[in-house]
Amino acid sequence: MLAVDRFDKGGRADLEALRARYPEQLEVLEADLGREAHKLALAWQAQARTVYHLAAIVGVRAVEDAPYRTLQVNLRSTLDVLDLARSRGAARCFFASSSENYAAVVSRGLAPVPTAEEVLIGIDDPSLPRWSYAASKIAGESALFAAARGAGFVPLVGRFHNVYGPRMGPTHVVPELLERCARRVDPFPLWGAEQTRSFLHVHDAARAVVLLSERGEAGVYNVGSAVETPIEELAQRCFDISGHRPKTLERRPAPRGSVARRVPDVSKLALLGFTPGIDLDSGLRECWRSVAR
Ligand SMILES: NC(=O)c1ccc[n+]([C@@H]2O[C@H](COP(=O)([O-])OP(=O)(O)OC[C@H]3O[C@@H](n4cnc5c(N)ncnc54)[C@H](O)[C@@H]3O)[C@@H](O)[C@H]2O)c1
């Protein structure tokens, strides 16, 4: 297997540790997809039959700070990977997409919660930086299916829903909350306390991706947990696990454009035999150990 990354957020040590464990099976390539596709073309092994495209700019802050860059990186990297998948005869191609693709539709009351795969997808306001991410993921899904036509590979979209895990960097609500617990922040600010999300541990997400790539039929699959958790409850769980007890919880408004409820209907993935194995408290404890180290 060949793993490609430009190591924006670290991650090199994790891949190197895997390479040390599986020296015959894993090769690591540093390349900027979208700019350095030639490096990937050179390293692409003839026997590579399954392609997993996960590289992207992600995280509300990163996207809002650089919306055009988000589109550049996410679109160009996807097109480069798909061009190679087509020309090298890949058999299956997985694209990491996002629940953001239908968030605007849910916010407008045009889709139910829990939300299944076949709802409308779209963006609310193209002039708002945050929607550049969903725009890139919607275009990526479309490009995947278009590229598969005639090329013969099986197109598989996984729409991830709040995947979290240790060492993921402060671009997600889970590490953000735990990091503030570690710093004993008090008053403790909480944005969108009343909103809900569903959280899936990265090990479970990885299992789902493998399952999809082995057994999935062409199509879109929600990858997430069916358990809906209010953000305030998530914060309370972080307080319990970290032992931080702030005297004041400062409830602040949710970021503009942020959907009030996000819960996937995961029955399509469940039909392939998937159930999450790591409950939220166990996952948070593992993340806390990596933050509090
Ligand atoms: N974590 C979630 O909750 C979530 C939710 C929805 C969708 N997703 C999608 O899943 C995928 C993985 O997300 P994640 O949370 O692991 O994000 P992440 O930021 O931890 O990982 C993305 C990786 O892509 C790499 N990368 C970015 N641009 C690159 C480029 N041009 N060339 C090579 N490497 C590049 C980064 O270095 C990083 O290691 C992304 O496509 C993301 O959009 C994640």
Side-chain angles (χ1 to χ4, degrees), residues 1-5 26 33-34 37 40 44-58 73-103 114-122 133-163 165 198 200-226 262 264-277:
M1 180 179 254
L2 173 69
V4 187
D5 202 300
L26 181 65
L33 296 169
L40 176 58
W44 192 292
Q45 295 136 341
Q47 73 275 19
R49 303 281 293 152
T50 306
V51 177
Y52 304 86
H53 179 44
L54 292 112
I57 302 243
V58 53
V73 170
N74 294 4
L75 294 177
R76 286 191 178 138
S77 64
T78 300
L79 295 177
D80 279 356
V81 169
L82 290 175
D83 282 349
L84 279 166
R86 277 164 71 85
S87 64
R88 300 300 173 92
R92 300 173 77 75
C93 195
F94 173 88
F95 174 66
S97 191
S98 172
S99 53
E100 276 295 292
N101 291 7
Y102 66 72
T115 310
E117 290 83 352
E118 61 273 11
V119 296
L120 282 178
I121 53 178
Y133 175 72
S136 76
K137 291 296 180 180
I138 292 170
E141 289 190 13
S142 183
L144 176 80
F145 288 106
R149 292 181 80 85
F153 63 73
V154 178
L156 297 155
V157 170
R159 285 194 192 141
F160 289 127
H161 291 66
N162 287 81
V163 176
S198 73
L200 187 71
H201 191 279
V202 65
H203 285 178
D204 285 327
R207 281 201 303 116
V209 171
V210 172
L211 188 70
L212 268 177
S213 69
E214 286 172 353
R215 291 199 223 152
E217 289 178 7
V220 178
Y221 294 79
N222 282 340
V223 177
S225 153
R262 173 181 291 153
D265 176 336
V266 284
S267 32
K268 195 171 168 187
L269 188 61
L271 280 177
L272 293 181
F274 179 79
T275 45

For R207, all residues meeting salt bridge (Lys or Arg N to Asp or Glu O under 4.0 Å), sequence neighbours excluded
D204
Heavy atoms only: give me the nearest L33-V81 pair and the separation to one decimal.
CD1-CG2, 4.2 Å
Correct closest heavy-atom pair for A208 and L269 would be CB-CD2, 4.0 Å
Which atom names give the shortest non-hydrogen contact between S136 and N74, and what distance separates them?
OG-ND2, 3.1 Å
Show the atom names and distances, to 0.1 Å, of all donor-acceptor pairs under 3.5 Å that link a side chain in residues 88-96 to residues at least two apart or in another chain.
unit_1: R88; atom_1: NH1; unit_2: A41; atom_2: O; d: 3.3
unit_1: R88; atom_1: NH2; unit_2: A41; atom_2: O; d: 3.2
unit_1: R92; atom_1: NE; unit_2: S213; atom_2: O; d: 2.4
unit_1: R92; atom_1: NH2; unit_2: L212; atom_2: O; d: 3.4
unit_1: R92; atom_1: NH2; unit_2: S213; atom_2: O; d: 3.3
unit_1: R92; atom_1: NH2; unit_2: G216; atom_2: O; d: 2.6

Could you check whether any side-chain heavy atom of F160 comes within less than 4.5 Å of a side-chain heavy atom of L54, counting everything from C-beta outward?
yes
All heavy atoms of V266 vs all of G224, minimum pair found to be CG1-O, 3.5 Å
Would you compute the distance between atom CG of L79 and atom CG of L84 and round it to the nearest 0.5 angstrom?
11.5 Å
Across all chains, not counting sequence neighbours, the side chain to side chain contact (heavy atoms under 4.5 Å, CB included) partners of E214 are V210
With sequence neighbours excluded, what pairs up with H201 under the ring pair (Phe, Tyr, Trp, His ring centres under 6.0 Å) test?
Y164, H203
Ignoring hydrogens, what is the shortest heavy-atom contact between S97 and N101? Give both atom names and the distance.
OG-ND2, 2.9 Å
For R215, enumerate each residue passing the side chain to side chain contact (heavy atoms under 4.5 Å, CB included) test, keeping only those at least two apart in sequence or located in another chain.
L211, L272
Please list, chain by chain and in numerical order, all residues satisfying side chain to side chain contact (heavy atoms under 4.5 Å, CB included) with D265, sequence neighbours excluded.
P114, A116, S267
If you look at every heavy atom in K137 and S98, which pair is closest and at what distance?
CG-CB, 4.2 Å
Applying side-chain hydrogen bond (donor to acceptor under 3.5 Å, both in side chains) to R262 and not counting sequence neighbours gives S99, E100, N162
Test of understanding: with side-chain hydrogen bond (donor to acceptor under 3.5 Å, both in side chains), list the residues that count as partners of S225, not counting sequence neighbours.
none
Those residues that, when tested against L2, pass side chain to side chain contact (heavy atoms under 4.5 Å, CB included) (two or more places apart):
V4, E27, L29, L40, A43, Q45
Donor-acceptor contacts under 3.5 Å from residues 143-159 side chains, at least two apart:
unit_1: R159; atom_1: NE; unit_2: E141; atom_2: OE2; d: 2.8
unit_1: R159; atom_1: NH1; unit_2: E117; atom_2: O; d: 3.2
unit_1: R159; atom_1: NH2; unit_2: E141; atom_2: OE1; d: 2.9

Taking side-chain hydrogen bond (donor to acceptor under 3.5 Å, both in side chains) as the definition, give me every residue that meets it alongside Y133, ordered by chain and number, with sequence neighbours left out.
none
Option from T115, L200, N222 for which side chain to side chain contact (heavy atoms under 4.5 Å, CB included) with P264 holds
N222
